[in-house]
Amino acid sequence: MARRDTASFAFDDTVGTMGADTGESLFQLGLKHASGRGVELDYVEAHKWFNLATLKGHTEARGYRSDLAGEMSRQDVAAAQARARAWLRG
């Protein structure tokens, strides 16, 4: 990611998609996907998690989502938003 360095963050490797119900858990998932640490590098998936973390009130996630969107195509951002809506629907 251009302006944010995920290498300096401590990742909680116990966070999984099941039970990711807090803004911090969702944010950690975004960091993992944005950096490819422990999962496949996937900006669409990272954007999805940052978007969901923002909805849960995680203020830092908003900046990461914005930075990431600047590096993604409009189609990829739309796909990330669709994934976030699908996740919310369960």
Side-chain angles (χ1 to χ4, degrees):
M1 295 174 12
R3 286 168 281 192
R4 302 198 189 258
D5 179 14
T6 59
S8 64
F9 281 87
F11 289 86
D12 179 356
D13 289 330
T14 64
V15 174
T17 55
M18 302 305 288
D21 55 358
T22 68
E24 182 60 28
S25 295
L26 298 165
F27 178 69
Q28 288 291 323
L29 286 167
L31 288 175
K32 285 183 172 200
H33 286 280
S35 66
R37 185 166 180 182
V39 297
E40 185 176 333
L41 179 70
D42 185 342
Y43 285 173
V44 173
E45 195 69 6
H47 188 284
K48 174 187 91 173
W49 292 120
F50 290 144
N51 194 26
L52 292 166
T54 298
L55 289 172
K56 289 284 190 172
H58 195 286
T59 56
E60 194 174 1
R62 175 178 281 166
Y64 277 77
R65 180 187 61 186
S66 178
D67 288 351
L68 199 55
E71 298 181 28
M72 297 167 63
S73 70
R74 287 183 184 194
Q75 294 83 4
D76 284 345
V77 171
Q81 292 169 338
R83 286 185 192 180
R85 285 190 298 273
W87 189 87
L88 288 169
R89 285 191 301 269

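From a predicted model like this one, the values you see are computed outputs, not experimental measurements.
Leu68 and Val39 end up in different hydrophobic clusters when Ile, Leu, Val, Met, Phe, Trp and Tyr side chains are linked at under 4.5 Å. In the hydrophobic cluster analysis, where Ile, Leu, Val, Met, Phe, Trp and Tyr join through side-chain heavy atoms closer than 4.5 angstrom, Leu55 is grouped together with Leu26.
Summarising the geometry, atom CZ belonging to Arg65 is positioned 12.5 Å from atom NE2 belonging to His58; distances are rounded to the nearest 0.5 Å. One distance of note links CG of Leu88 with NZ of Lys48; it measures 9.5 Å at 0.5 Å rounding. Considering CD of Glu24 and CG of Leu29, their distance stands at 10.0 Å, rounded to 0.5 Å. With values rounded to the nearest 0.5 angstrom, His33 atom NE2 is found 9.0 Å from Glu40 atom CD. Interatomic distance, Leu31 CG to Arg37 CZ, rounded to the nearest 0.5 Å: 10.0 Å. The CG atom of Asp76 sits 11.0 Å away from the CD atom of Gln81 when rounded to the nearest 0.5 Å.
Residues that satisfy the salt bridge (charged side-chain N to carboxylate O under 4.0 Å, His left out) test with Asp42, not counting sequence neighbours, are Arg83.
Minimum heavy-atom separation, Asn51 to Ala84: ND2-CB, 3.7 Å. Between Ser35 and Leu41, the closest heavy-atom pair is C-CD1, 3.7 Å. Taking each heavy atom of Ala53 and Ala61 in turn, the nearest pair found is CB-CB, 3.6 Å.
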Query raised in the report: Taking it one step at a time, do Lys56 and Thr22 satisfy side chain to side chain contact (heavy atoms under 4.5 Å, CB included)?
Result: CA-CA 7 Å; Lys56 289 284 190 172; Thr22 68; over 6 Å; no

Report task. Apply side chain to side chain contact (heavy atoms under 4.5 Å, CB included) to the pair His47 and Tyr43, showing each step before the final yes or no. Result -> CA-CA 6 Å; His47 188 284; Tyr43 285 173; over 6 Å; no

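Within the 4.5 Å cutoff, side-chain heavy atoms of Leu52 are placed close to those of Trp87. Between Phe50 and Phe27, the closest side-chain pair of non-hydrogen atoms falls below 4.5 Å.
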